[in-house]
There are 2 protein chains.
Amino acid sequence: MPRPRSLTPAALAAAALAVLDREGLPGLTMRSVATELHMSTMALYRYVPDRSALERLVVDLVVSGTDLGLPAGLPWREQLAVLTGRIRTQIGAHPAVVPLLLSHRHTSPGTLAWGDAVLAVLAGAGFGARARVIAFRALLAYLLGALQAGHLGPLSGSGTGVMAGLSGTYPHLAATARAAQAITAGEEFDGGLAIVLRGLSPDS
Amino acid sequence: MPRPRSLTPAALAAAALAVLDREGLPGLTMRSVATELHMSTMALYRYVPDRSALERLVVDLVVSGTDLGLPAGLPWREQLAVLTGRIRTQIGAHPAVVPLLLSHRHTSPGTLAWGDAVLAVLAGAGFGARARVIAFRALLAYLLGALQAGHLGPLSGSGTGVMAGLSGTYPHLAATARAAQAITAGEEFDGGLAIVLRGLSPDS
DNA sequence: GTCGTAGGCGTACCTCGTACACCTAACGGA
DNA sequence: TCCGTTAGGTGTACGAGGTACGCCTACGAC
């Protein structure tokens with residue numbers, strides 16, 4: 001067995017995440033990651049079969065940092081809120097991974113582990129198989145949608161100027177956009193999450 | 001004023017959508033759209049400044065087909081369900097646009113018009129400014145997330161084989177994946193939507 | 001008919017992912 | 001101690017895609 005590997009998958013993922021955080025998704029290229037590691041571009045292909053696999057490593061690095069432990073005795077809605085809030089925090093620290101999350105959520109161990117934890121809570125709360133599927137997907141859809149929305153500039157961001165021109169054509173949108181500026185991303189996420197959680201029920 | 005344009009933006013969008021439907025997102029290139037129109041690649045740049053603008057046209061073409069009319073006297077939750085269902089139908093007919101929707105939802109007139117209609121319903125239901133923002137974003141987040149989830153292969157799709165190997169590591173996930181196969185995409189979407197709608201309330 | 005403007009096009013460049021062939025470092029066995 | 005094997009590391013090059021640039025040309029107004 002000649003020549004040990006000089007890189008662990010984790011180190012690769014960390015380098016890629018560093019590039020991603022610094023330069024954003026368009027800046028994440030095989031060349032830029034290789035440079036970050038002081039290697040040649042092609043050397044990366046000794047560790048991953050293609051770019052997609054590299055992305056998966058990054059997603060997993062971010063998501064797998066999520067604490068899945070839950071204090072006993074917490075009501076199930078709050079358990080879900082905790083798990084969802086935690087993964088949002090993890091991902092929120094690296095906004096540029098959000099688009100990657102979409103394509104790799106089925107294949108990353110970290111994501112799967114989180115899903116398993118959520119389903120465990122639902123099962124414990126008495127959700128039957130069918131209700132569990134629906135509830136899980138709904139929660140996941142909200143999470144992904146909300147992350148997405150938060151990621152690519154909130155309406156409130158550059159909204160002001162844009163919205164001014166809209167008050168004629170889209171009056172409700174314009175009015176709401178004004179109100180939106182007083183709401184933080186966290187409040188918005190938690191508010192939306194509360195809506196989804198309130199709608200969940202073991203017998204639906 | 002010499003030489004009238006031989007193409008309308010709508011025709012451009014239609015051609016791009018045709019390519020998109022036929023070859024999927026990776027098949028949508030400036031070259032392929034130009035070929036579809038029997039033009040040279042660079043001729044497209046007389047109509048759009050860049051690829052992103054072309055994408056916006058496609059998104060708008062798909063979304064703007066949504067009927068925003070509502071029968072009077074319908075309860076607000078059902079009004080929202082109708083509007084949401086309609087836009088899902090529109091987009092569902094062209095699954096490959098889903099990823100584009102994310103990047104262009106702020107800038108497409110069709111999307112804005114739909115948002116305005118939704119906000120009108122919420123306002124009519126007595127939602128205050130703040131509650132309206134939260135409710136709207138939550139609904140939008142669910143919609144986008146659900147479309148996304150439906151788009152890139154459902155867990156149920158290739159899931160069977162994959163899940164077999166997971167029953168050890170992710171027991172709940174494996175069990176739920178099995179149950180998921182008995183649920184259609186439509187039931188899943190409607191079920192999740194019902195959850196969100198149930199959670200909505202004018203005074204939150 | 002002529003002229004100016006804008007539509008249409010060919011070429012070329014840059015960036016990316018990655019196939020391929022080569023060099024070389026390191027470890028086990030002799 | 002030396003050597004062969006094997007996998008790590010690299011340079012080069014190709015094809016795809018977006019698009020800047022400059023030329024040619026069709027068309028409508030006068």
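Chain naming here is simple, since letters A, B, ... match the order of the sequence lines and numbering starts at 1 in each. Every heavy atom of this structure was used, including side-chain atoms; hydrogens, water molecules and symmetry mates were not.
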S.K.: Please check this pair: side chain of A:R46 against backbone of A:R5, looking for a donor-acceptor N/O pair closer than 3.5 Å.
M.R.: no
S.K.: Step by step, work out the side chain to side chain contact (heavy atoms under 4.5 Å, CB included) result for A:R51 and A:L28.
M.R.: CA-CA 10 Å; A:R51 181 201 158 105; A:L28 184 73; 4.2 Å; yes
S.K.: Please tell me which of the listed nucleotides, C:dT11, C:dG17, D:dG11, lies nearest to the side chain of B:M42?
M.R.: C:dT11
S.K.: For A:Y45 and D:dG11, what is the distance between atoms OH and P respectively, to the nearest whole Å?
M.R.: 16 Å
S.K.: Do the side chain of B:T66 and the main chain of B:I87 share a donor and acceptor less than 3.5 angstrom apart?
M.R.: no
S.K.: Would you kindly give the CG-to-C1' distance between A:L44 and C:dG17, to the nearest whole Å?
M.R.: 11 Å
S.K.: Under the criterion side chain to side chain contact (heavy atoms under 4.5 Å, CB included), I'd like the reasoning laid out for A:W114 against B:L173: C-alpha separation, chi angles, the key distance, then a yes or no.
M.R.: CA-CA 10 Å; A:W114 180 86; B:L173 212 51; over 6 Å; no
S.K.: Using a heavy-atom cut-off of under 4.0 Å over every strand shown, decide if A:S6 touches base, sugar-phosphate, or nothing.
M.R.: sugar-phosphate
S.K.: Report the C-alpha separation of A:I134 and A:F127 in whole Å, then their side-chain angles, then the decisive distance to 0.1 Å, and conclude whether the side chain to side chain contact (heavy atoms under 4.5 Å, CB included) test is met.
M.R.: CA-CA 10 Å; A:I134 306 263; A:F127 281 71; over 6 Å; no
S.K.: Would you mind telling me which of C:dC9, D:dG9, D:dT19 lies closest to the side-chain atoms of B:A43?
M.R.: C:dC9
S.K.: Atom CZ of B:R51 and atom P of D:dA16: how far apart are they, to the nearest Å?
M.R.: 16 Å
S.K.: Does A:R46 make a side-chain donor-acceptor contact with the base of D:dG9, cut-off 3.5 Å?
M.R.: yes
S.K.: With a 3.5 Å distance limit and no angle check, can you tell me whether A:Y142 reaches the backbone of A:L193 through a side-chain donor-acceptor pair?
M.R.: yes
S.K.: If you fit an axis to the five pairs at each end of the helix from C:dG1-D:dC30 to C:dA30-D:dT1, how big is the angle between those two axes, to 10 degrees?
M.R.: 10°
S.K.: Give a yes or no on whether the backbone of A:D190 and the side-chain of A:R88 come within a donor-acceptor separation of less than 3.5 Å.
M.R.: no
S.K.: Rounded to the nearest 0.5 Å, what separation is found between the CG atom of B:L25 and the CD atom of B:E55?
M.R.: 7.0 Å
S.K.: Provide, to the nearest angstrom, the distance between the CZ atom belonging to B:R5 and the P atom belonging to D:dG28.
M.R.: 15 Å
S.K.: Are any of B:Y47's side-chain N or O atoms less than 4.0 Å away from OP1 or OP2 of C:dG8?
M.R.: yes
S.K.: Give the rounded distance in Å between these two atoms: CG of B:D50 and P of D:dA20.
M.R.: 8 Å
S.K.: Decide yes or no on side chain to side chain contact (heavy atoms under 4.5 Å, CB included) for B:R130 and A:I183, but give the supporting numbers first.
M.R.: CA-CA 8 Å; B:R130 185 189 170 84; A:I183 302 180; 3.8 Å; yes
S.K.: Among residues 21-38 of chain B, which contact DNA chain C at a heavy-atom distance under 4.0 Å?
M.R.: none
S.K.: When the distance from CG of B:L7 to C1' of C:dG7 is rounded to whole Å, what number comes out?
M.R.: 11 Å
